[in-house]
Every structure is written in C-alpha cells, then in structure tokens.
Amino acid sequence: MTVQEWLRYAEHRLRDGGIDEARTEAIVLARHILRVDRSWLIAHSDREFPELAGEPLLLRRLNHEPLAYIVGWREFFGRPFGVSPAVLIPRHETEILVESTLARFPATEPVRVLDIGTGSGCIAVTLKLERPEWEVTAVDLSEEALAIASANARFHDANVRFVHSDLLGGLLGEEFDVIVSNPPYIGTEEPLPPMVVDHEPHVALFAGPTGYDIFHRLAEEAGSYLPDGGVVALEVGYLQATGVRELFEAQHWTHLSTDLDLAGIPRVVTLGWSHDPLL
C-alpha cells in the first residue's frame, strides 16, 4: 500500500467512524508514523506505507482517544507542546487568554505573572516566549503535569519557574502583578463527548456540581497575592462569564473586560484588585 492509498483508506475509516476532520487527521497520523512533514507526503505519495504501524493508531482514534494524545503533541500559539493523558489538551480558545494578557501590559514593562493550573505549560511558556522580560511562575496540583510543563519549557528554552501547589497554597508571602488561569470549570453533571470525558484528566476538567468551585476559591484568595491594581484573567466556560463576574464583584473585585472567542462566546474575564474596596 502506498502513502496515497493509505491516506485514502485511513480517511474513509475515520469518516465512517464519525471523525469530522478525517482527511486532516489521516495526514497527521501518516506524518507521525513516518516522522515527515506534510510536503514530504505530497512529494512521495507513491512510496510504500507501513500499514501495520498505522492500524493500531487508527483503532485508538476510532475508540475516541484524542489525536493529540496519540501523536503526543498539540499546537498552541503556533508552537508545538508535548501532551499526555496527565494534562488537558491545549485548545484554541485558551489563546484568547494569552492574547488578552499580552495586550493589557506594555511590551517593555516587567511583569510578575502567575499561571494557576498550568497543565502542559502552554500559557506560561507562551507568555515567557512572547515577553522574555516577564517573570513567570506556574503552579499545578499534579506532579505529572508539572513534569510535562517543565519539559515543554526546556524544549522552547523558556525560563519559567514551576511550583507544586494546590492553587496558591504553595506561594505564601509572594506577590504577582497578574494571575492567569484556565481552571477546571465544568460541572460534574455536565455531559461531555467520550473523547473528552474518557481520556482527559478529570482533575483538570471538573470543579464541583456547577463548575464554579475553583472560581470561588480564587475570588476569595487571589487578592492576597496581588498589589493594588493587580489583575486576574480567567478562561471561563460557556454561559459562565456573567456568573464569574458577579462572584468576583461580590468579593470587591472590579470587572475590567470580557473577551469573546472566535465563536462569539464570552471566554476570558479580567478583573482588577484593590486592597481598599472603596477605591
């Protein structure tokens, strides 16, 4: 079987299995198996393809295992990030959080950043690469996630400090200018597709019955780690933006902005902190 024949075969198998982007995923799998880029596949479509190597990967994908876990990486902000089932797969919606944070501060201003629940490290590493003068710290409850995030930082030569911590608990006495987070925000009763719920880490997905548990903790605790004028920027779930804003405002935070994702859904809520609630 040639490369071209296997791509057609894989595309049909994936499409019959309900995979929407069947052609694209077949190409990604072929590149992974052959360790080549897309242009090589086009130029060498008549080469022999090791179909025995492709079959177990097709079966994994047809079993709803995310493509990123199969090939071991996902692109974020134009860069590859290693992933495993220990971390949430980076998503394009989270790039809005990065863009919003970058736009809020002058490019030359030194900023102390904390990324809570770093997972693969995609947010922390990207911020450091985009703003080398920033001082970036990232925390996660999972030691496995921290190992992956550290590996991604080394791969990209990004000087990020990683700390094992349950939210802010491991950072007592420290202060940051901005706290960013893509926290767990899905309710435990919320239905999810099998590709997500059966494979991605539940600790990175679910936050109590309503999905607001982590937001409650951050609203109560984060201000102690910020100066006056410090900010928190949060990725939120579908229909959560208003609720998160009101939750924080009840703890004397000030709403600064809400950014929409490409689908027009309110996705990033940014709030300001003052130690004097009257200011």
Side-chain angles (χ1 to χ4, degrees), residues 28 32 66-69 71-168 170-171 174-185 200-201 203-205 214 218 222 225 230-236 259 261-262 267-268 270:
V28 171
H32 175 69
L67 182 65
Y69 290 156
V71 300
W73 66 277
R74 169 63 67 87
E75 183 177 285
F76 183 83
F77 226 76
R79 300 180 179 97
F81 282 84
V83 296
S84 84
V87 301
L88 199 68
I89 297 169
R91 287 161 167 81
H92 292 304
E93 291 87 351
T94 305
E95 294 183 357
I96 308 298
L97 175 59
V98 172
E99 292 169 349
S100 177
T101 304
L102 292 172
R104 186 161 293 280
F105 299 92
T108 57
E109 181 178 327
V111 178
R112 297 164 298 175
V113 182
L114 173 62
D115 174 25
I116 293 180
T118 194
S120 67
C122 62
I123 296 172
V125 170
T126 300
L127 289 174
K128 183 63 178 180
L129 293 174
E130 295 294 318
R131 298 287 188 269
E133 68 279 8
W134 287 11
E135 181 182 306
V136 181
T137 298
V139 301
D140 205 287
L141 181 61
S142 166
E143 292 185 346
E144 291 179 279
L146 288 174
I148 292 170
S150 297
N152 280 321
R154 289 193 299 272
F155 178 82
H156 289 292
D157 195 23
N159 183 19
V160 175
R161 177 173 69 120
F162 294 99
V163 178
H164 182 231
S165 176
D166 180 8
L167 297 188
L168 294 145
L171 300 167
E174 298 196 36
E175 188 175 75
F176 304 90
D177 300 302
V178 56
I179 295 173
V180 298
S181 185
N182 174 22
Y185 54 65
E200 299 200 56
V203 69
L205 292 169
I214 302 300
L218 290 174
Y225 297 81
V231 301
V232 163
L234 304 167
E235 179 173 332
V236 301
D259 296 291
D261 63 20
L262 294 178
R267 184 60 63 183
V268 174
T270 302

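The model shown is predicted, which means the values in this text are computed figures rather than measured ones. Every heavy atom of this structure was used, including side-chain atoms; hydrogens, water molecules and symmetry mates were not.
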Reported [atom1]-to-[atom2] distance for the pair [X] and [Y], which is rounded to 0.5 angstrom:
X	Y	atom1	atom2	result
E99	D261	CD	CG	11.0 Å
D259	I96	CG	CD1	7.5 Å
L234	S100	CG	OG	10.5 Å
I214	I116	CD1	CD1	9.5 Å
L127	F77	CG	CZ	8.0 Å
E95	E75	CD	CD	8.0 Å

Taking all non-hydrogen atoms of both residues, which atom of [X] and which atom of [Y] are closest, and how far apart?
X	Y	answer
G119	A149	O-CB, 3.4 Å
Y69	S84	CE2-O, 3.0 Å
A86	A145	O-CB, 4.2 Å
G170	V163	O-CG1, 4.2 Å

Hey, does the side chain of [X] reach the backbone of [Y] with a donor-acceptor pair shorter than 3.5 angstrom?
X	Y	value
R74	G82	no
Y225	L168	yes
H164	L141	yes
T101	L97	yes
D140	T118	yes
S120	V83	no

For the residue pair [X] and [Y], establish whether any side-chain heavy-atom pair is separated by less than 4.5 Å.
X	Y	answer
F155	P80	yes
D115	V160	no
H92	L262	no
V125	F76	no
F81	V87	no
T270	V178	no
L167	V139	no

Practice item. Give a yes or no on whether E174 atom CD has more than 12 heavy-atom contacts from other residues, nucleotides or ligands under 6.0 Å away. Key: yes
Check: With a cut-off of 6.0 Å (strictly less than), are more than 12 heavy atoms of other residues, nucleotides or ligands near CD of E135?
Finding: no
Donor-acceptor contacts under 3.5 Å from residues 103-113 side chains, at least two apart:
| unit_1 | atom_1 | unit_2 | atom_2 | d |
| --- | --- | --- | --- | --- |
| R104 | NH2 | S257 | OG | 2.9 |
| R112 | NE | D177 | OD2 | 3.1 |
| R112 | NH2 | D177 | OD1 | 2.9 |

For residues 150-160, the side chain to side chain donor-acceptor pair (under 3.5 Å) pairs (sequence neighbours left out) are none
List the steps, then state whether side-chain contact (heavy atoms from CB on, under 4.5 Å) holds for V232 with L218. CA-CA 9 Å; V232 163; L218 290 174; 5.7 Å; no
So the ring-ring contact (aromatic ring centres under 6.0 Å, His included) pairs with at least one residue in residues 106-130 (sequence neighbours excluded) are none
- Does the salt bridge (Lys or Arg N to Asp or Glu O under 4.0 Å) test come out yes or no for E235 and R91, once each step is laid out? CA-CA 11 Å; E235 179 173 332; R91 287 161 167 81; over 6 Å; no
Note to self: Under the criterion side-chain contact (heavy atoms from CB on, under 4.5 Å), I'd like the reasoning laid out for F176 against L171: C-alpha separation, chi angles, the key distance, then a yes or no.
What the structure shows: CA-CA 10 Å; F176 304 90; L171 300 167; 4.2 Å; yes
